[in-house]
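Input: a single structure, listed below in structure tokens.
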Amino acid sequence: MDTAPPQDARELTYRDAVEADVPALVELVQSAYRGDSSRAGWTTEADYLQGQRTDPEGVRQIITAPASRLLTFERDGGIIACCHLEHRGDAAYFGMFAVRPGLQGGGLGRRILAEAERLAVAEWGVREMHMTVISIREELLAWYERRGYRRTGKMSPFPYEDERFGVPQRDDLQFELLVKELPTPVD
């Protein structure tokens with residue numbers, strides 16, 4: 001895990017992604033999870049998934065979907081992280097979370113997750129945040145558990161037949177649902 005010093009909160013800004021961000025976001029997500037570049041961080045999936053993590057069309061769909069936000073986090077004018085929030089009734093779904101590999105391990109992900117939770121409560125009044133994580137990702141699951149997420153044991157299949165999400169190198173991949181109760185919105 002990278003041991004970079006914590007980053008100053010004043011350096012980080014966020015906004016909703018726009019169509020012009022698609023190439024940079026695809027590159028960011030790919031660099032955080034797949035290929036040799038992902039090994040600079042600790043979120044790599046390169047040992048059990050090859051190929052792409054997302055594609056331009058998938059990112060465009062998230063940007064334009066109703067009740068959906070793809071947040072970009074920037075420093076010095078460059079996108080260094082992103083996350084997807086989707087309103088699903090009483091819950092929000094959190095996904096497509098990526099931090100540039102060389103910046104992982106310094107507290108940036110923790111700050112982004114907290115901001116995403118705050119936004120979901122403030123804008124949608126949701127009571128829970130949901131996410132899915134590949135069930136063999138013990139270190140990542142533990143990281144989310146330290147942030148208050150609960151493993152539910154509810155599994156969903158990995159889309160083995162759809163290479164848009166990668167080329168599996170193992171036959172035991174599945175997603176586990178994680179849930180966190182969020183604070184009640186204050187009026």
Side-chain angles (χ1 to χ4, degrees), residues 12-35 37-38 41 43-45 49-101 103-104 108-134 137 140 144 149 154 156-168 173-180 182 185:
L12 191 64
T13 60
Y14 73 89
R15 63 178 172 78
D16 287 295
V18 295
E19 177 81 22
D21 296 323
V22 168
L25 289 167
V26 170
E27 184 277 324
L28 169 65
V29 172
Q30 186 74 13
S31 75
Y33 290 95
R34 305 285 165 77
S37 65
S38 70
T43 60
T44 186
E45 297 171 342
L49 284 164
Q50 295 180 357
Q52 67 183 27
R53 178 82 187 309
T54 191
D55 59 19
E57 184 55 34
V59 173
R60 264 188 220 93
Q61 287 175 355
I62 290 171
I63 289 172
T64 60
S68 175
R69 295 182 73 180
L70 182 54
L71 300 174
T72 63
F73 293 81
E74 299 177 332
R75 181 176 296 130
D76 300 326
I79 298 173
I80 61 168
C82 67
C83 70
H84 173 219
L85 289 173
E86 183 178 334
H87 188 195
R88 296 181 178 177
D90 290 337
Y93 180 81
F94 178 82
M96 199 174 281
F97 187 25
V99 174
R100 194 146 312 277
L103 299 175
Q104 293 176 14
L108 188 58
R110 191 171 31 250
R111 287 186 19 228
I112 290 168
L113 181 60
E115 182 61 14
E117 293 168 356
R118 186 196 71 74
L119 283 170
V121 170
E123 294 187 13
W124 297 324
V126 297
R127 302 187 58 106
E128 290 184 338
M129 184 76 85
H130 295 186
M131 70 174 73
T132 56
V133 176
I134 295 175
R137 302 286 318 271
L140 185 57
Y144 284 118
Y149 285 82
K154 294 180 183 173
S156 57
F158 185 87
Y160 278 91
E161 66 289 343
D162 192 343
E163 289 189 6
R164 289 180 305 155
F165 303 104
V167 179
L173 301 181
Q174 59 185 343
F175 295 103
E176 182 171 359
L177 175 66
L178 278 65
V179 174
K180 180 179 181 177
L182 298 175

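Fair warning: this is a prediction, and the values are worked out from it, not measured in the lab.
Atom CD1 of I112 is separated from atom OG1 of T72 by 10.0 Å, given to the nearest 0.5 angstrom. Here the OG1 atom belonging to T54 is positioned 7.0 Å from the CD atom belonging to Q52, to the nearest 0.5 angstrom.
In terms of modelled atom types and a separation under 3.5 Å, the side chain of H87 and the main chain of G89 share a donor-acceptor contact. Without hydrogens or angle criteria, T43 side chain to A32 main chain gives a donor-acceptor distance under 3.5 Å. The closest donor-acceptor contact from the side chain of Q30 to the backbone of G51 lies under 3.5 Å.
Salt bridge absent: K154 and E176 never bring a charged side-chain N and a carboxylate O closer than 4.0 Å. Residues R88 and E128 are not paired through a salt bridge, judged by the lack of any N-O separation under 4.0 Å between the basic side chain and the carboxylate.
Contacts of R53 classified as salt bridge (Lys or Arg N to Asp or Glu O under 4.0 Å), with partners at least two apart in sequence or in another chain: E45. Residues forming a salt bridge (Lys or Arg N to Asp or Glu O under 4.0 Å) with D162 (at least two apart in sequence, or on another chain): R164. Residues forming a salt bridge (Lys or Arg N to Asp or Glu O under 4.0 Å) with R60 (at least two apart in sequence, or on another chain): E19, E57.
Residues E115 and Y14 have side chains that bring a donor and an acceptor to within less than 3.5 angstrom of each other. One side chain, H84 or S68, offers a donor N or O that lies under 3.5 Å from an acceptor on the other. Side-chain contact check for T44 and S38: at least one donor-acceptor pair (N or O, by modelled atom type) lies under 3.5 Å.
Across every non-hydrogen atom of F158 and L173, the tightest pair is CB-O, 3.4 Å.
Considering only heavy atoms from C-beta on, F73 stays 4.5 Å or farther from I79 through its side chain. Taking the side chain as every heavy atom from C-beta outward, L113 and F94 approach each other to under 4.5 Å.
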